[in-house]
Amino acid sequence: MKLIITLLIALLPLFAQAQQSDTQLAYTYYQNKEYDKAAELFLKLYERTRSSNFLDYHIISLINGQHYDKAEETLKKLIKADDGNKEFLINLGYVYLQQGKPKKADDSFQKAIDKLAPSSTDIIRLAYRFRDIREYEWAVKTYEKGRILVKKPDAFISELGDCYMMERNYEKMFDLFMQELEKDPSSINNITSKLSFARSYDIINSVDTVLDRKLAQIFKSPDYNPVFDELAVWYDLQKKEFTSALKHAVRLNAKLPEKLYTFYSVAQNAARSGQYTIARQAYGKILEKGKEDNQYYSLAEKETLNCKFQEYNQQKSKPEQYSALAAECAAYLQQNTYNNTNTDIAILLSDIYAYHLSLPDSANQVLQRAEKTRMINNNTLYTVKSKRADLLTYMDNPWEATILYTQIEKANPNNDIGYEAKLKKARLAYYSGDILWAKAQFDVLKGATTKLISNDAIKMSHFINMNYEKDGDNSALEKLAATEYQIYKKQYQAALPVLDSLMGSNSSPEITDYTALLKAKVLCEEFKYQEAAEILEKLKNESEQVYIQAEAIYELAALKVKMNDKTQALALYKQLVSEYSGSVYSVEGGRLYRELEKN
């Protein structure tokens with residue numbers, strides 16, 4: 001006996017190895033569509049292990065090989081030997097379905113349900129087998145029978161809701177999800193995740209129609225559960241209805257003051273969509289609660305300042321508005337000190353000083369102080385240094401700016417911070433007339449990991465390549481580059497006459513069209529949208545340069561968004577994607593199209 005046991009133990013690894021080899025071979029046969037061989041081997045594996053997975057693959061292989069009779073015969077034998085096995089009945093029903101025998105399939109499925117034990121585990125397992133073969137109606141019947149067996153009329157709420165969702169019976173799905181929320185408000189994230197899934201596969205907005213009607217009914221009741229306000233906040237944010245989302249967040253927090261994160265969520269989403277007024281109102285609700293036990297207070301303070309800045313930039317704002325905002329930023333930094341978490345406000349303050357109040361020296365002082373922040377992390381430090389190099393470029397100090405860009409580039413040789421510094425240094429060389437050196441740098445950056453940097457490099461390299469005369473006159477190109485520097489420094493009134501002269505001269509069509517693009521961008525900066533749109537429209541229709549046409553369409557679409565002409569913007573983005581698929585703007589145009597279409 002000891003010898004036999006010893007031999008068995010010694011042979012166990014060999015048995016395991018053989019089984020593993022057979023398993024791999026069976027799956028290989030299946031993947032290669034050698035279904036007869038796969039079926040035979042999976043049956044042997046099932047008989048050896050009694051694993052339902054091998055039986056499933058055996059039956060599927062027979063079905064794929066159109067051996068329905070053989071599959072039916074195999075399963076009937078198994079059922080005769082073990083008539084309590086519901087797996088066999090499910091598989092047999094599935095075989096009947098593939099043969100186009102729905103009545104026999106129903107009989108087999110019903111027999112499986114009739115054999116259910118009063119056990120939640122058994123009920124859920126059988127329902128999942130029905131779901132595996134997409135028989136959601138039978139999964140529902142399983143749960144309904146299970147409720148009777150376990151004597152719990154409200155059992156399996158979540159599971160039934162999932163089945164109705166997969167059946168696209170959104171009325172019943174929503175009712176069950178609402179029951180689940182009422183019973184367990186902490187399931188809100190799980191429910192919104194499921195609703196998000198349902199909405200993503202609903203091309204005719206049936207889910208939204210049901211949600212709108214059902215939520216309206218719920219809110220008619222004076223004592224509804226506040227979790228439904230939280231659900232409404234989520235739903236409104238999906239539809240970008242920020243005013244309604246804020247209203248529900250207010251109602252929710254009136255009942256549950258700890259739900260401050262809903263205000264923060266509304267504010268963040270509104271700001272991302274450019275709805276800065278609503279965002280500031282939502283942040284204001286957080287600030288009203290005071291600092292005590294309020295983890296969002298400091299974030300709300302900072303983001304309110306950012307929202308004001310973006311709001312002012314959307315329109316022709318007065319210097320007094322920027323001056324007041326600068327005072328708020330300075331007060332925030334004084335109260336909270338310069339540290340890693342507040343560097344963004346220092347950068348914001350420097351931008352206001354330099355580009356809106358004509359105080360570049362004050363901006364430089366702010367950035368220099370931010371650089372000296374104790375224990376500042378490297379990414380933040382180089383972000384501040386890059387902003388200061390930008391400022392030095394703006395202050396007409398290209399030499400020091402170049403030195404700083406070089407330092408940043410060398411310290412970050414293989415990351416986006418370094419690539420961006422290299423791009424800016426190349427642009428500065430282009431502005432200064434060192435065009436060939438700049439092109440060489442742009443060529444290197446074509447392979448940058450960041451698409452934005454790569455696209456800019458490709459565009460500039462192509463433009464220089466098209467217009468630089470190796471042994472000819474490049475005065476027009478050099479004049480254009482110097483004028484671009486004026487535009488960078490926001491010297492628009494000095495730049496516009498030069499742009500007009502280049503557009504009206506005997507310059508090449510490439511330079512003339514590129515100059516027209518620049519003029520349109522300057523006019524946009526001065527909020528002269530209609531004049532800019534006319535230039536871009538002309539370039540779109542008349543330019544013979546494909547890359548100019550693509551950029552003109554891209555800029556015109558963005559301008560139409562600002563002018564609240566959504567229909568035109570969508571048409572332009574669609575044209576960009578369909579007719580200019582090779583353009584550097586095509587992918588971004590597609591993304592913006594999808595985003596705008598949802599709004």
Side-chain angles (χ1 to χ4, degrees), residues 181 184-193 195-196 225-238 240-311 325-349 351-352 366 369-370 373-381 383-384:
L181 270 180
D184 179 18
S186 69
S187 66
I188 180 70
N189 290 334
N190 186 39
I191 295 297
T192 54
S193 177
L195 290 173
S196 181
N225 192 314
V227 73
F228 295 118
D229 276 316
E230 190 168 358
L231 178 64
V233 170
W234 170 84
Y235 180 46
D236 287 335
L237 292 181
Q238 306 311 299
K240 298 187 184 298
E241 294 178 1
F242 303 113
T243 301
S244 178
L246 180 57
K247 177 187 73 176
H248 284 289
V250 170
R251 288 180 179 175
L252 175 66
N253 279 271
K255 298 174 183 176
L256 301 171
E258 71 275 10
K259 298 283 186 178
L260 278 178
Y261 61 83
T262 53
F263 287 131
Y264 190 69
S265 183
V266 171
Q268 280 192 311
N269 280 273
R272 277 197 290 267
S273 295
Q275 301 293 316
Y276 298 111
T277 302
I278 292 292
R280 286 203 294 115
Q281 290 174 4
Y283 285 129
K285 295 296 181 183
I286 294 173
L287 297 174
E288 285 175 11
K289 301 292 183 180
K291 290 184 178 181
E292 191 174 349
D293 296 326
N294 186 347
Q295 62 176 313
Y296 299 100
Y297 188 89
S298 182
L299 286 168
E301 266 191 309
K302 288 204 307 180
E303 293 305 324
T304 297
L305 298 172
N306 278 312
C307 284
K308 280 187 181 180
F309 180 68
Q310 296 299 336
E311 198 172 1
L325 180 56
E328 288 184 65
C329 291
Y332 177 88
L333 288 169
Q334 186 174 5
Q335 184 177 358
N336 296 282
T337 71
Y338 281 74
N339 57 49
N340 266 323
T341 59
N342 296 331
T343 308
D344 53 342
I345 300 301
I347 290 172
L348 176 60
L349 179 57
D351 282 351
I352 297 169
V366 170
R369 184 172 176 184
T373 299
R374 288 184 61 195
M375 299 179 71
I376 188 170
N377 65 59
N378 282 338
N379 281 354
T380 305
L381 174 62
T383 299
V384 174

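Nearest approach of Tyr338 to Val366, heavy atoms of both residues: OH-CG1, 3.7 Å. In terms of heavy atoms, Ala300 sits closest to Ile286 at CB-CG2, 3.8 Å. The shortest non-hydrogen separation linking Ala326 to Leu349 is O-CD1, 3.5 Å. When all heavy atoms of Leu333 and Ala346 are compared, the closest pair comes out as CD1-CA, 3.9 Å. Heavy-atom minimum distance, Cys307 versus Tyr283: SG-CE1, 3.9 Å. For Val384 against Ala370, the heavy-atom pair with the smallest separation is CG1-CB, 4.1 Å.
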* Show your reasoning for whether side-chain contact (heavy atoms from CB on, under 4.5 Å) applies to Asp229 and Val233. => CA-CA 6 Å; Asp229 276 316; Val233 170; 5.6 Å; no
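The distance from atom NZ of Lys285 to atom CZ of Arg280, rounded to the nearest 0.5 Å, is 13.5 Å. Put simply, CG on Leu231 and CD1 on Ile191 are 8.5 Å apart, with the number rounded to the nearest 0.5 Å. Interatomic distance, CD of Gln281 versus OG1 of Thr277, reported as 7.0 Å (0.5 Å rounding). Rounded to the nearest 0.5 Å, atoms OG1 (Thr373) and CG (Asn342) are 9.0 Å apart. Annotation: the span from Glu301 atom CD to Glu303 atom CD amounts to 11.5 Å, rounded to 0.5 Å. The CD atom of Glu241 sits 10.0 Å away from the NZ atom of Lys247 when rounded to the nearest 0.5 Å.
By the 4.5 Å heavy-atom criterion applied to side chains, Trp234 and Ile188 are not counted as neighbours. In this structure, the side chains of Leu181 and Asn225 stay at 4.5 Å or more apart for every pair of heavy atoms.
Not counting sequence neighbours, the partners of Ser244 by the side-chain hydrogen bond (donor to acceptor under 3.5 Å, both in side chains) test are Asp236. Among residues two or more places apart in sequence or in another chain, the side-chain contact (heavy atoms from CB on, under 4.5 Å) test is passed with Leu381 by Glu371, Ile376, Lys385.
Of the possible polar contacts, one joining the Thr343 side chain to the Asn339 backbone as a donor-acceptor pair under 3.5 Å is found. Judged by distance alone, with hydrogens and angles left aside, the side-chain atoms of Asn340 form a donor-acceptor pair with the main-chain N or O of Asn377 at under 3.5 Å. Using modelled atom types, one side-chain atom of Thr383 and one backbone atom of Asn379 make a donor-acceptor pair closer than 3.5 Å. Between the Asn269 side chain and the Phe242 main chain, no donor and acceptor come within less than 3.5 Å of each other. Judged by distance alone, the side chain of Ser193 and the main-chain N or O of Asn189 form no donor-acceptor pair under 3.5 Å.
Each of Asn336, Asp344, Thr341 was evaluated against Lys302; a single residue qualifies, Asp344, per the side chain to side chain donor-acceptor pair (under 3.5 Å) test.
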List the atom pairs, with distances to 0.1 Å, where a side-chain N or O of residues 257-265 and a protein N or O form a donor-acceptor pair under 3.5 Å, not counting sequence neighbours.
from   : atom 1 : to     : atom 2 : distance (Å)
Lys259 : NZ     : Glu230 : OE1    : 3.2
Lys259 : NZ     : Tyr261 : OH     : 3.2
Tyr261 : OH     : Glu230 : OE2    : 2.5
Thr262 : OG1    : Asn253 : ND2    : 3.1
Thr262 : OG1    : Lys259 : O      : 2.6
Tyr264 : OH     : Gln268 : NE2    : 3.3

